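Scroll down for the structure; my scribbles are underneath it.
Owing to the predicted nature of the structure, the values given are computational and were not obtained by experimental measurement.
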Amino acid sequence: MPAKPLNSSTNVSSIRGTAFAHLDFILAGIVMTMLGPMLPVFSRQWSLNDTQAGYLFVAQWVSATVGMYFSSLIMQRHGYRITLMAGLVLMAVGLVGLGSAHWAPGMICVCIYGLGTGVNTPAANLMTAEANPRRSAAALNLLNSSWGVGALVCPFIIAAAVRSHHTPLFLYGLAAALMALTIALASVHFTADQKEPAIDEFPSTPTSIWTHQLALVCALFFAYVGTETAVGGWIASYARRIDPDAKALWTIMPSFFWGTLLAGRALAPLVLRYARATSVAKAGLAVAASGVGILLAAKTITPVMIGAGVAGLGLASIFPINVSLLPHWFGPNTRRSSGVIFPLSNSGGAVLGWLVGALSSRFGSLRVGFLVPLVGAVSMLMFYLSQKSSPEATNQPRERVSRKT
């Protein structure tokens with residue numbers, strides 16, 4: 001059947017949809033990472049020990065995992081735009097409540113905005129891919145860079161709010177920005193929502209996805225999300241323990257981690273042109289483990305900065321590489337397997353984020369808690385060292401062929 005020519009309205013819809021997704025992800029990057037730099041504020045305001053503070057990470061990540069399941073249902077029934085709007089509203093409601101809540105209501109508010117991030121994030125990714133079918137990989141790479149921008153600027157905004165004693169104003173302002181984007185989304189339509197759903201491409205009697213390899217890859221994704229959350233979420237509190245007087249520095253400490261994570265993801269495509277993906281992953285995990293080691297050995301604030309930056313740089317390319325290798329690991333069962341992998345990976349942020357605080361309370365030292373991301377990085381490195389190299393593990397030859405055609 002001949003393809004229909006694209007008209008001007010289709011182009012505008014696609015471009016506007018992608019632009020809204022970028023705005024959405026900048027705000028989502030702030031919301032999803034703000035708990036780390038805000039944790040010392042909440043701990044002091046609510047008189048929390050590290051175990052109790054760790055439950056905030058559990059609340060955020062478990063509710064986000066639940067939100068991912070609801071996201072799929074809403075997308076199927078109401079499309080991408082309504083799903084994005086639902087996620088934005090939930091995030092805004094949670095932030096407004098958090099601005100004036102105490103410990104128990106605060107936990108509920110974290111669950112509400114966590115649910116919103118879970119509903120919102122898959123919809124933005126899938127909508128961007130469908131709105132840009134000819135360059136979906138590049139579009140998704142740029143989209144997730146926008147998330148990194150939000151994660152990078154978040155600690156600086158919070159640091160300014162803490163210095164001026166206006167942290168509730170930060171939460172209310174962020175909620176207002178989320179609602180403004182929701183109102184803007186109500187006035188547009190996405191091309192992807194006008195398309196008829198695709199026919200299920202899987203056979204009527206599919207092969208089982210429940211294999212030993214699936215368990216290992218689920219553990220890999222679980223360890224990555226948990227390790228990233230453990231470092232990014234607890235680094236501000238860790239810096240405060242190292243140097244309580246450096247208030248202006250510990251509040252922005254997560255930016256050293258997220259900044260190098262963003263820079264590493266920007267540089268990764270260039271590196272992957274000359275090296276196998278598995279080789280880049282091995283090197284990155286070795287660097288990440290070294291960065292956490294620097295954190296564990298830190299006695300002053302400067303090594304904490306260095307360790308956070310090194311850890312972020314090492315972890316930068318791991319998640320995209322993990323995703324890119326799913327077809328190599330699972331072949332035609334990739335989509336079905338991803339439906340198990342991604343929700344389970346999200347729970348890694350809840351479990352390992354909580355475990356850092358639990359170990360800190362048990363042994364009276366957050367330094368002990370930071371053994372969790374060290375074990376996470378080393379375990380992922382062991383996974384990649386156990387994998388055999390294969391032609392599919394590198395995209396270098398494929399990229400060169402595509403440029404010639």
query: Using the ring of each side chain (for Trp, its six-membered ring), is W234 parallel, tilted or perpendicular to F57, with breaks at 30° and 60°?
result: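 Answer is tilted, since the angle falls between 30° and 60°.
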
- request: Give the ring-plane orientation class for F319 versus F221, where under 30° counts as parallel, over 60° as perpendicular and anything between as tilted.
  value: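 Answer is perpendicular, since the angle exceeds 60°.
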
Hey, does [Y] have a side-chain heavy atom less than 4.5 Å from the side chain of [X]?
X    : Y    : answer
L88  : M179 : no
V292 : T227 : no
V304 : L295 : yes
Q52  : W103 : yes
L352 : T229 : no
M34  : I157 : no

For the side chain of [X] and the backbone of [Y], is there at least one donor-acceptor N/O pair under 3.5 Å apart?
X    : Y    : answer
S360 : V356 : no
E228 : V225 : no
T260 : F257 : yes
S255 : L152 : yes
T51  : S361 : no

- prompt: At what distance, to the nearest 0.5 angstrom, does CZ of F170 lie from CG of L95?
  reply: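 Result: 7.5 Å between the selected atoms.
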
field: Nearest atoms (heavy-atom pairs only) where P37 meets I158
entry: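 For P37 versus I158, the nearest heavy atoms are CG-CD1, 3.5 Å.
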
task: With side chain to side chain contact (heavy atoms under 4.5 Å, CB included) as the test, would you mind laying out the steps for L214 and C218 before giving the verdict?
output: CA-CA 6 Å; L214 178 63; C218 283; 4.0 Å; yes

- prompt: Are W329 and F383 an aromatic pair by the rule of ring centers under 6.0 Å?
  reply: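 They qualify: ring centres under 6.0 Å apart.
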
field: side-chain hydrogen bond (donor to acceptor under 3.5 Å, both in side chains) contacts in which one or both residues fall within residues 345-358, not counting sequence neighbours
entry: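 For residues 345-358: T65-N346.
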
- request: Sorted by first residue and then second, give each side-chain hydrogen bond (donor to acceptor under 3.5 Å, both in side chains) pair with at least one member in residues 290-317; sequence neighbours left out.
  value: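 Of all non-adjacent pairs touching residues 290-317, none passes side-chain hydrogen bond (donor to acceptor under 3.5 Å, both in side chains).
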
- prompt: Taking only residues two or more places apart in sequence or in another chain, which ones pass ring pair (Phe, Tyr, Trp, His ring centres under 6.0 Å) with Y384?
  reply: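 Ring pair (Phe, Tyr, Trp, His ring centres under 6.0 Å) list for Y384, sorted by chain: empty.
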
